[in-house]
Number of protein chains: 2
Amino acid sequence: MNRDRQTKKTTIYDLAALAGTSASAVSAVLSGNWKKRRISSQLADKITRLAEEQGYAVNMQASLLRREKSKIIGMIVPKYDNRYFGSIVETFENMARERGLFPIITCTRRDPALEIEAARTMLSYQVEWLIATGATDPDRITDICAASGVKSLNLDLPGSRAPSVISDNFAGAKELTRRILANSERRLGQASPLLFIGGRGSDHNTAERVRGFRTAHAEVGVAVDESHILACGYAPEKAENALDALASREKHLPQGMFVNSTISLEGVMRWIRRSGHYDGRPPVMGCFDWDPFAALLGDNIEMVRQDVPGMLNAIFDIIDQGLSQTSLIEIPPVFMGS
Amino acid sequence: MNRDRQTKKTTIYDLAALAGTSASAVSAVLSGNWKKRRISSQLADKITRLAEEQGYAVNMQASLLRREKSKIIGMIVPKYDNRYFGSIVETFENMARERGLFPIITCTRRDPALEIEAARTMLSYQVEWLIATGATDPDRITDICAASGVKSLNLDLPGSRAPSVISDNFAGAKELTRRILANSERRLGQASPLLFIGGRGSDHNTAERVRGFRTAHAEVGVAVDESHILACGYAPEKAENALDALASREKHLPQGMFVNSTISLEGVMRWIRRSGHYDGRPPVMGCFDWDPFAALLGDNIEMVRQDVPGMLNAIFDIIDQGLSQTSLIEIPPVFMGS
DNA sequence: CAAGGCAGCTCAATCGATGTAGCAAAAATT
DNA sequence: AATTTTTGCTACATCGATTGAGCTGCCTTG
């Protein structure tokens, strides 16, 4: 009825009453399979028109309860404060919608407890797949999902019990380091060992990047200074603090830096401006991640861009094919400019 | 049963069978009101233990179908590619969760059709509130929601039929313009009229910012050049194209710029580097929006930061109080630095 | 003219959780 | 001992959409 449009929602029973037909017919028409169910096109038209008039919207809760598949796909993501994750989320939403899936995203702020809670909540909403992006404990999430028969995937950081799609951190870091060292040599006459800053020593990506960093140094015969590998965490302040500590214990700061994320770069740049340590002779820099403004900061900063469309194509290839055996897919990052 | 954990999900009926009790008891225990329903604590413990063992998770679809309130809150947002919207989304999620609400967010890429579709989908999922952020046609969304008895709010861009929370664009733009003009005078000896670039001429925020821009010029007695108000859209390329066109028709480019968003700033900065038009005498700039790296680009760029926590506090004040009469709440933006 | 076929519907069970109403047994009260 | 109260539970209807199994006429066909 029109008078309680404000308070109650229109259901198929309301429409059935208005059309003088049964709820089954309404359902058949509105779910699009009225041909199969042999509803006349007159009745179909009538019902469709009424539904439009009444502003009818299916009750997904009821619909999904009855159906076998929810067509809901979940993603958990650490933060929305950088281009990398922003782009992952946006691409994910688009690709999910293209496939008729409904994406649900939750930001867990790198909080392990929140990750678990978010995963459980998503299971309650009957997600068919859960993508754990940059999770601190991906295997835990895989286990929780597996216990409910839900398939899960890891993105950005790998796990050992579900397929994982990540950047080729080793190759990317090696090439990035090679470039920074080359720039350093060009600018300063000789290649000196770089500082590595940012990330977590315990995470796979940071470990792989440090390995690439070492390999690149070794290849040009430069010795890495072990005390200059600062996996201090991701927050900008952590990078600032690490640099403060470094500056207070060493006279000569490294002439070049490998920064492990744009978030760390934020702290590094702030520190460089604030401390004045590099005034006049800015360090040669590189960043494992891309940001449009950071890219404009100067011509001495080299950036790798992780291939987000490539990574999500790999994710949806797995989903489209329904695979779920453990595997590690490494997507080469892209080098900007030269 | 354990053997089909992989395939089927545990329900309260499974748990009831395992515990040798009824589904009602299981439901009462797991929904936390077993005291009210006078279930013994022995049985409660037993059921809780079993639920844990079996990795039970409520079926929200079933639960919500039965309940009267869904506790789901929806938000549509244009993009995830800048700090402003990223911060809105992250803050929104946190504040929703604090209140026991489940946030669903959809990115509509400034596509009017997608906005409508997303709104309808959210209604299907029984959202209790829908926040339309930066929507191209907020009133349309309000109407769709109203037809289903769902309350809606506008954020960032105002509508006329639902409460709206936006930045104080006029005051913010006026102060920003004042600062750019002052910097311009300090640097160049005299205040010359600024270029306004970015945004949509048709949207409320751009119109208000242009008004603030004009007022600030008038207050220092500088005449605005009407052909230098370029509301060319939000995408970076649009700003680049607008500047190309401007440069091709004018010999002297403005010495200062008011850029209407970080996204436009991206295009502007790229153009400045690429075109070489400002080499040696960089323009005095200001941007209505904040980005940490853009802030480091040089000391000649003034930024206003929209007060995201303030705006979302206003949004949730309305939600907490259940208000829904139309109103326009303007939150003053924050000036960084000096 | 009976039998079969088919178009165009409706009935009723079902999905899983919730909550009201009610029932049997134990405990407390008179 | 008889009654009332309390405890601890179960039965069942319900939410809205879906779908397999009918059911009723009308039209063919032999």
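The model shown is predicted, which means the values in this text are computed figures rather than measured ones. Hydrogens, waters and symmetry mates are skipped; everything else that's a heavy atom, side chains included, is used. Residue numbers begin at 1 in each chain, while the letters A, B, ... track the order of the sequences.
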Applying a 4.0 Å non-hydrogen cut-off, can you work out what [X] is touching in the nucleic acid: base, sugar-phosphate, or nothing?
X: B:T11; result: sugar-phosphate
X: A:L64; result: nothing
X: A:R67; result: sugar-phosphate
X: B:S63; result: sugar-phosphate
X: B:L30; result: nothing

Of B:R37 and A:S27, the one whose closest DNA chain D nucleotide lies more 5': B:R37
Contacts of B:Q42 and A:Q61 projected onto DNA chain D by closest heavy atom; the upstream (5') one is B:Q42
Whole angstroms only, please: what is the [atom1]-[atom2] distance between [X] and [N]?
X: A:L123; N: C:dA17; atom1: CG; atom2: P; answer: 14 Å
X: B:Y13; N: D:dA11; atom1: OH; atom2: C1'; answer: 11 Å
X: A:L15; N: C:dT10; atom1: CG; atom2: P; answer: 14 Å
X: B:K36; N: D:dG8; atom1: NZ; atom2: P; answer: 17 Å
X: A:K35; N: C:dG8; atom1: NZ; atom2: P; answer: 11 Å
X: A:I47; N: C:dT10; atom1: CD1; atom2: P; answer: 8 Å
X: B:Q126; N: D:dA17; atom1: CD; atom2: C1'; answer: 12 Å
X: A:D45; N: C:dG8; atom1: CG; atom2: P; answer: 13 Å

If you measure from CZ on A:R109 to CG on A:L114, what distance do you get to the nearest 0.5 Å? 5.5 Å
Minimum-distance nucleotide (side-chain atoms of [X] versus [options]):
X: A:N33; options: C:dC15, C:dG22, D:dT19; value: D:dT19
X: B:S24; options: D:dA17, C:dA7, D:dC12; value: D:dC12
X: A:A62; options: C:dG19, D:dC9, D:dG16; value: D:dG16

Can you check whether [X] has a side-chain N or O nearer than 4.0 Å to OP1 or OP2 of [N]?
X: B:S40; N: D:dC9; value: yes
X: A:T21; N: C:dT10; value: yes
X: B:S22; N: D:dT10; value: yes
X: A:Y56; N: D:dG16; value: no

Using a 4.5 Å cut-off on heavy atoms from C-beta on, say whether the side chain of B:N94 contacts that of B:F92. no
Determine, for A:E90 against B:K79, whether the closest basic-nitrogen to carboxylate-oxygen distance falls under 4.0 angstrom. yes
Looking at B:Y234, is B:R110 sitting on its ring face, NZ or CZ under 6.0 Å from the six-membered ring centre and within 45 degrees of the normal? yes
Considering all heavy atoms, the nearest B:M60-A:Q126 contact: N-OE1, 4.5 Å
Does a donor on one side chain and an acceptor on the other come within less than 3.5 Å for A:Y125 and B:Q61? no
